[in-house]
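The first residue of the sequence shown is numbered 1, and numbering continues consecutively from there.
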Amino acid sequence: MAELRPFASIRPCKGKAAKIAALPYDVYSREEAARIVEKNPDTFLKIDRAETQFPLSVGMYDEKVYERAHDTLMEMIAEGSFVREEKKCFYLYELTMNGRVQTGIVACAAIEDYLSGVIKKHENTRADKEEDRIRHVDACNAQTGPIFLAYRADARIGELTKEVKQQEAEYDFVSEDGIRHRVFVIGNEALIAEIERVFAGIDSIYIADGHHRAASAVKVGLKRREQNPSSTGEEEFNYFLSVLFPDEELMILDYNRLVRDLNGYSAEEFYQEVSRRFEVTALENNEEKRPGERGCFTMYLEGRWFLCRIKPEDRKPQDVVADLDVSVLQERLLLPVLGICDPRTDKRIDFVGGIRGMEELERRCNEDCAVAFAMYPTSIGELFAVADAGRLMPPKSTWFEPKLRSGLLIHEI
């Protein structure tokens with residue numbers, strides 16, 4: 001059963017939330033992050049990506065970078081840009097994108113639930129990416145970016161959410177990308193107790209996005225347990241910052257593939273290989289380029305789009321991972337024809353979130369890639385099924401929008 005607990009957040013003073021809130025640290029290159037920090041000195045990126053405060057001669061993972069992240073956070077608290085909540089609370093975080101609303105409960109989830117499998121994963125993590133956030137959390141003595149969790153919708157949580165939204169929002173702003181953000185403080189003891197009670201009856205929670213942040217928070221917590229052998233389990237480092245959303249409100253976008261070369265094939269030879277393995281139809285200029293249903297993908301090759309359908313004999317409904325469209329593409333085409341053995345490490349493959357549109361795939365193929373594959377989005381049901389089976393999805397199987405902002409609610413450990 002899931003354990004959630006309230007926490008006394010460090011959060012922006014009311015007038016600064018819009019300027020401080022930033023997209024997750026890992027959606028930017030160093031150069032992009034530096035430009036944003038230069039344009040907006042209040043952005044939380046100067047803490048999440050503190051290398052932006054140094055010249056390029058200082059490495060991203062230099063010890064000075066993590067020290068600067070800590071010092072900047074402390075300075076912003078001292079100057080009043082951030083305030084500390086006086087009591088432990090839950091929070092609601094509502095995001096509205098293109099008229100669609102999703103509302104999550106901001107809380108601290110238990111390391112023990114992660115270790116025992118109540119909180120379920122669907123992706124592998126990379127040690128180098130974990131190490132960066134471990135050092136960041138440890139240096140800042142705080143978790144600065146929330147883990148995006150999902151649960152099967154619960155009617156009682158829905159009722160409580162509506163009740164909280166009757167009060168005035170603590171923050172209400174529209175970010176540069178047009179997404180509206182509202183945050184509500186839940187300080188009422190009875191409401192807090194009811195939220196804790198309902199989640200105690202939920203047996204599975206799923207990491208939707210933030211596997212590296214979750215793994216890093218857990219490892220820092222375990223490290224601190226070793227350093228504090230008399231710890232009771234109630235210390236803040238035993239919990240990690242999370243936002244929990246009901247599955248019915250979430251939208252997963254396509255996560256598309258680009259390959260830099262055709263592995264020695266000519267365009268015509270490659271087309272013939274694809275045609276042997278899939279049912280291929282050329283698309284006219286006025287036809288939709290995004291695949292419209294599960295079981296197919298579209299391909300951009302030599303300036304033309306093609307619809308590729310997976311053959312029935314290549315489907316494996318008895319295997320929740322092998323039956324994913326991204327798995328079939330990998331096993332039937334990317335591996336045997338293009339030679340992409342491990343998409344996590346192969347430099348010849350790149351991934352582009354569907355939020356950037358089909359035009360981005362065309363642009364990249366005109367610049368530095370040979371072929372693009374646009375996928376039909378993985379569903380939240382498929383994600384749950386893979387996690388429930390204790391399996392892992394292929395890398396870059398899901399792209400969630402909108403992205404949660406960092407810096408709105410910080411958990412001090």
Side-chain angles (χ1 to χ4, degrees), residues 98 251-317 319-344 346-379 381-383 393-401:
N98 299 328
M251 179 172 70
I252 303 178
L253 297 184
D254 40 307
Y255 215 155
N256 302 316
R257 278 86 171 117
L258 286 154
V259 182
R260 299 185 189 283
D261 60 70
L262 297 180
N263 200 29
Y265 290 93
S266 69
E268 177 59 30
E269 289 169 340
F270 179 70
Y271 174 82
Q272 293 301 327
E273 284 292 332
V274 177
S275 296
R276 283 199 311 108
R277 296 159 191 271
F278 301 93
E279 298 170 2
V280 180
T281 307
L283 294 173
E284 300 299 329
N285 287 335
N286 61 346
E287 289 188 85
E288 176 58 51
K289 305 306 185 291
R290 289 183 185 272
E293 59 184 352
R294 186 177 183 274
C296 62
F297 59 89
T298 55
M299 176 178 70
Y300 187 68
L301 177 69
E302 293 281 284
R304 294 198 64 187
W305 282 98
F306 301 88
L307 175 65
C308 306
R309 291 193 175 277
I310 297 171
K311 296 179 179 180
E313 59 266 29
D314 291 329
R315 297 240 67 121
K316 298 178 180 177
D319 188 317
V320 293
V321 174
D323 199 44
L324 296 171
D325 289 354
V326 290
S327 296
V328 177
L329 176 66
Q330 173 63 30
E331 295 304 315
R332 293 287 296 146
L333 187 61
L334 298 185
L335 172 60
V337 179
L338 290 176
I340 306 293
C341 298
D342 187 348
R344 291 173 299 178
D346 197 312
K347 301 300 184 185
R348 296 170 53 235
I349 190 169
D350 201 1
F351 303 89
V352 174
I355 193 72
R356 305 183 81 167
M358 300 296 98
E359 297 76 17
E360 177 66 8
L361 300 182
E362 293 178 3
R363 184 189 72 79
R364 289 290 304 277
C365 283
N366 292 332
E367 289 185 2
D368 63 346
C369 292
V371 63
F373 304 99
M375 311 303 299
Y376 187 73
T378 304
S379 71
E382 288 174 320
L383 185 157
M393 285 187 171
K396 312 295 186 184
S397 293
T398 57
W399 179 282
F400 284 88
E401 285 288 345

So, does Glu269 use its side chain to make a donor-acceptor pair with the main chain of Ser266 at under 3.5 Å? yes

When you compare the side chain of Val326 with that of Arg257, does any pair of heavy atoms fall below 4.5 Å? yes

Provide the closest heavy-atom pair for Ala374 versus Leu361 in the form atom of the first, atom of the second, distance. CB-CD1, 4.0 Å

Apply the test side-chain contact (heavy atoms from CB on, under 4.5 Å) to residues Leu258 and Ile349: give CA-CA distance (whole Å), side-chain angles for both, the deciding distance (0.1 Å), then the verdict. CA-CA 6 Å; Leu258 286 154; Ile349 190 169; over 6 Å; no

What ring-ring contact (aromatic ring centres under 6.0 Å, His included) pairs are there with at least one residue in residues 353-376, not counting sequence neighbours? Phe297-Phe373

When you compare the side chain of Pro394 with that of Gln330, does any pair of heavy atoms fall below 4.5 Å? no

In Å and rounded to the nearest 0.5 Å, what is the CD to CG distance from Glu268 to Leu262? 11.5 Å

First locate atom CG of Leu324, then atom CD of Glu382, and finally report the distance between them rounded to the nearest 0.5 Å. 5.5 Å

Salt bridge (Lys or Arg N to Asp or Glu O under 4.0 Å): which pairs involve residues 322-338, sequence neighbours left out? Arg294-Asp323, Asp314-Arg332, Arg315-Asp323, Arg315-Asp325

Distance (rounded to the nearest 0.5 Å) between Leu329 CG and Ile310 CD1: 8.0 Å

Less than 4.5 Å apart, any side-chain heavy atom of Val274 and any of Tyr265? no

Straight-line distance of Arg348 CZ to Cys369 SG, nearest 0.5 Å: 10.5 Å

Between atom CH2 of Trp305 and atom CD of Glu288, what is the distance when rounded to the nearest 0.5 Å? 9.5 Å

Expected output: side-chain Ser275 to main-chain Val280 donor-acceptor under 3.5 Å: no

I would like to know whether Glu367 and Arg364 meet salt bridge (charged side-chain N to carboxylate O under 4.0 Å, His left out); could you show each step before the answer? CA-CA 5 Å; Glu367 289 185 2; Arg364 289 290 304 277; 5.6 Å; no

Test log, rule side-chain contact (heavy atoms from CB on, under 4.5 Å), inputs Cys296 and Leu307: CA-CA 7 Å; Cys296 62; Leu307 175 65; 4.0 Å; yes

Check whether any side-chain heavy atom of Phe270 lies under 4.5 Å from a side-chain heavy atom of Asn263, and answer yes or no. no

Is there a side-chain contact between Pro377 and Leu253, using heavy atoms and a 4.5 Å cut-off? no

Residues Thr378, Tyr255; criterion side-chain contact (heavy atoms from CB on, under 4.5 Å); working and verdict: CA-CA 9 Å; Thr378 304; Tyr255 215 155; over 6 Å; no

Can you list the steps and then say if Thr281 with Phe306 is a side-chain contact (heavy atoms from CB on, under 4.5 Å)? CA-CA 6 Å; Thr281 307; Phe306 301 88; over 6 Å; no

When you check the gap from the basic side-chain N to the acidic O, do Glu359 and Arg363 get nearer than 4.0 Å? no

Any chance you could measure Thr398, atom OG1, to Asp254, atom CG, to the nearest 0.5 Å? 11.5 Å

Do Met393 and Leu383 come close enough that some side-chain heavy atom pair is under 4.5 Å? yes

Backbone N or O of Glu362 within a donor-acceptor pair of the Asn366 side chain at under 3.5 Å? yes

Scan for salt bridge (Lys or Arg N to Asp or Glu O under 4.0 Å) pairs involving residues 296-312, sequence neighbours excluded, and state none if there are none. Glu293-Arg309

Check this for me: Asn285, atom CG, are more than 12 non-hydrogen atoms of other residues, nucleotides or ligands nearer than 6.0 Å? no

Mark yes or no for whether Thr298, through its side chain, and Arg290, through its backbone, hold a donor-acceptor pair below 3.5 Å. no

Residue pair Lys396 / Pro343, side-chain heavy-atom distance below 4.5 Å: no

Side-chain touch Arg260/Asp350, heavy atoms, less than 4.5 angstrom: yes

